[in-house]
Amino acid sequence: MQQTYFMIKPEIVAAGDQKVGEILAMVNRAGFRITALQMRQLDRATVEDFYGEHRGKGFFADLCGYIAGGPVVAVRLERADAVAKLRELIGATDPAKAAIGTVRDLYGASLQNNAVHASANPGDAARELGIIFG
Ligand code: ADP
Ligand code: MG
């Protein structure tokens, strides 16, 4: 079993409970077990640490303001090959390029507002789970 970090981003949480429920159901149907779940607003410093790899890029400030701008749903997930399987389920970063039926294809609005986050590799998963869940 492997763990990964999944996050439903603020624009989806702000849109109401139905989309959050639909997305969690997609994750559940894909064979993931939820082992921790919390709705909470992350402070700016936490988000800057979380997205540290992007510091210095043109979109970094907007990204951090957006993620810190409202509550997210933070989720720890478990299944075999969880990191790769979750990235497959969510689709490409840009919703316009995400495979049909992926979470970002169905719920993403733009390159920035792309509905969800999933850890990119097992090292990131451990780091991100540490930041969010301690
Ligand atoms: P992913 O979330 O697929 O791992 P990245 O790590 O490259 O993608 O980027 C982190 C997040 O930053 C993306 O999910 C998206 O919200 C935002 N982002 C990435 N690239 C851009 C960009 N060129 N312009 C605006 N926002 C971006
Ligand atoms: Mg990433």
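It should be emphasised that the depicted structure is a prediction, and the values quoted were computed from it without experimental measurement. Start at 1 and go down the list; that is how both ligands and their atoms are numbered.
Across all their heavy atoms, G70 and P10 have their closest contact at O-CG, 3.7 Å. The two residues K9 and Q112 make their nearest non-hydrogen contact at NZ-O, 4.2 Å. Scanning all heavy atoms of the two residues, the minimum distance from N113 to Y66 falls at CA-OH, 3.4 Å.
Looking at ligand 1, you'll find an N or O of N114 within less than 3.5 Å of one of its N or O atoms. Checking only distances, Q112 does come within under 3.5 Å of ligand 1, N or O to N or O. For H54, a nitrogen or oxygen atom sits less than 3.5 Å from a nitrogen or oxygen atom of ligand 1, counting backbone and side chain alike.
Of the protein's non-hydrogen atoms, the one nearest atom 11 (C) of ligand 1 is L63 CD1, 3.9 Å. Of the protein's non-hydrogen atoms, the one nearest atom 3 (O) of ligand 1 is T93 OG1, 2.5 Å. The protein heavy atom nearest to atom 2 (O) of ligand 1 is R104 NH2, 3.0 Å.
Taking every non-hydrogen atom of R87 and a distance limit under 4.0 Å, the qualifying atoms of ligand 1 come out as 1 (P), 3 (O), 4 (O).
Looking at N113, N121, L111 and measuring to atom 15 (C) of ligand 1, the nearest heavy atom belongs to L111. Residue F59 holds the heavy atom nearest to atom 25 (C) of ligand 1 of all those in F50, Y51, F59.
Although no hydrogens or angles enter the test, the distance criterion places no donor-acceptor pair under 3.5 Å between the side chain of E78 and the main chain of F32.
Under the side chain to side chain donor-acceptor pair (under 3.5 Å) criterion, the residue pairs touching residues 98-109 are E22-Y107, with sequence neighbours excluded.
Residue M7 does not touch ligand 1, judged by heavy-atom distances below 4.0 Å.
V27 and I12 fall within the same hydrophobic cluster, defined by Ile, Leu, Val, Met, Phe, Trp and Tyr side-chain heavy atoms under 4.5 Å apart, directly or through other members.
Within 6.0 Å of NZ on K97 lie no more than 12 heavy atoms contributed by other residues, nucleotides or ligands.
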